[in-house]
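Some notes on the structure that comes next.
Excluded from the calculations below are hydrogen atoms, water molecules and symmetry mates; all remaining heavy atoms, backbone and side chain alike, are included. No experiment lies behind these values; they were computed from the predicted model shown. In the text below, chain A, chain B and the rest are named by the order of the sequence lines, each starting its count at 1.
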2 protein chains.
Amino acid sequence: MAPVSPRRRIPEATVARLPVYHRSLTELKESGVTTVSSEQLADLAGVNAAKVRKDLSYLGSYGTRGVGYEVEYLLFQIDRELGFANDLGVVIVGLGNLGQALANYDGFGDRGFPVTALVDADPAKVGSTLHGMQVQHIDDIESIFADGDLTIGIIATPAAAAQGVADRLVAAGVRSILNFAPTVVTVPDGVHLRKVDLALELQILGFYEQRDATEAVNAADSDS
Amino acid sequence: MAPVSPRRRIPEATVARLPVYHRSLTELKESGVTTVSSEQLADLAGVNAAKVRKDLSYLGSYGTRGVGYEVEYLLFQIDRELGFANDLGVVIVGLGNLGQALANYDGFGDRGFPVTALVDADPAKVGSTLHGMQVQHIDDIESIFADGDLTIGIIATPAAAAQGVADRLVAAGVRSILNFAPTVVTVPDGVHLRKVDLALELQILGFYEQRDATEAVNAADSDS
DNA sequence: TAGTGTGAATTTCTTCACAGCG
DNA sequence: CGCTGTGAAGAAATTCACACTA
């Protein structure tokens, strides 16, 4: 059998942009557009055209010189690369405010990531129904993942519980984790971990507000 | 007056890590630790020690050779850099599942970003109370920001409404926006925009699951 | 002597610019 | 002719390695 992907490794920065192109292409497809140039796609994705071309070139040569890219075909290729064939289930651990919102958030299922289980440690929550699903106890986590389906674990617990949950997820065989708890979580090699830290984003914005304000003051100083 | 910040510009990547150091240092302070080495801080923050030292060096020379950094003093410096002095208010626009969760999320207020207003376009929601706050109508947005306090706008609307909301926020004088809507939003120069795209994170994880699975198959092939 | 601060080396990412193809 | 695909240049971020000093 010929090697399936002898293509050079796709850079991380590119991987992070593929879903954005995917979304833009889906919109184009839905509005009946069949062909798109790197320039147009760049506009939709909020990046520049050179980057689009370079990014897409890692997937292969799917464009047509002088014309552009065929929307549907390109979409198919990105789908394949992102593993849209296999619907990855999502298990949400921790059903406080954020966890509950995530459980009810349709954006996951809409984009191919159905929520397949809800888990909490609080006996008061276990057994209750959320988004048409029974909340299960964290101690049953092994059996929840026992079916062997590829699954992503979402940690939406308080910070103090996050590492423990991560350890249990890993022990249960989970290889992809998305951490919403505002703390650093470490996982063994081979397990993929990404984090979303809401307050951190605000702090970053705060830095720039602060800096701009300071600059304005300094500029005023040198005026005088 | 002497220039306050003639220091070289702080790289973006460093800015994004300062809040993480901040959190780790806060924990250290709370457990009574007074001094920390770059190595220890690196462990807590989940990065390597060289990076910590380089990052901190952009703030100034606040360490002591042979000893490390004084926790409290370093914390103070990062606080100052992140603009913790001025409590930045947060206005949440869009009170669907996610917006409501964000409104109830204590993590913002706890970290110095009190939610100061809730806004929606749906007349059914306007006037109702959430997290002890009356929901206001998007048309009143100008008056909400009229007091001139520095404020961050959070967009938690459906994708289709996001750009319009961003435009109105900018028109009302908002200079920092955090966008949760799964779509590209553009803002004029001088306005800071960050995005959090939940499903996008899952798609990135999906890519790596997919790739690992493919690699495993290929490895098995070359075995045979 | 332990650990910072930082030039220099390396790697990664972005952008340029243009040859080459449809 | 128009737009892709990509080497090469440039910029940003990371890591190395060690002089220096409290």
Legend entry - Whether Y105(A) and F108(A) hold their rings parallel, tilted or perpendicular, with breakpoints at 30° and 60°: perpendicular
Inset, instruction - Not counting sequence neighbours, which residues clear salt bridge (charged side-chain N to carboxylate O under 4.0 Å, His left out) with E201(B)? List them please. - result: R194(A)
Legend entry - Partners meeting salt bridge (charged side-chain N to carboxylate O under 4.0 Å, His left out) with D43(B) (sequence neighbours left out): none
Legend entry - Span of DNA chain D in contact with chain A (heavy atoms, under 4.0 Å): dG2(D) to dA8(D)
Inset, instruction - Sugar-phosphate means primed atoms, P, OP1 and OP2; the rest is base. With that split, encode nucleotides 3-12 of chain C 5' to 3' as B, S or - using protein heavy atoms under 4.0 Å. - result: BBBBBB----
Legend entry - Passing option when L169(B) is tested against I152(B), I177(B), I138(B) for side chain to side chain contact (heavy atoms under 4.5 Å, CB included): I177(B)
Side-chain polar contacts of residues 88-98 of chain A - donor-acceptor pairs under 3.5 angstrom, sequence neighbours left out - could you list them?
from   : atom 1 : to      : atom 2 : distance (Å)
N97(A) : ND2    : N104(B) : O      : 3.1

Inset, instruction - Quick one: which residue pairs count as a salt bridge (charged side-chain N to carboxylate O under 4.0 Å, His left out) with a foot in residues 161-178 of chain A, not counting sequence neighbours? - result: D139(A)-R168(A), R175(A)-D212(B)
Inset, instruction - Establish, with yes or no, whether the OP1 or OP2 oxygen of dT15(C) is under 4.0 angstrom from a side-chain nitrogen or oxygen of K51(A). - result: yes
Legend entry - Proximity of Y62(A) and Y69(A) rings by center, below 6.0 Å: no
Legend entry - Check: S176(A)/E209(B) side-chain N/O donor and acceptor closer than 3.5 Å: yes
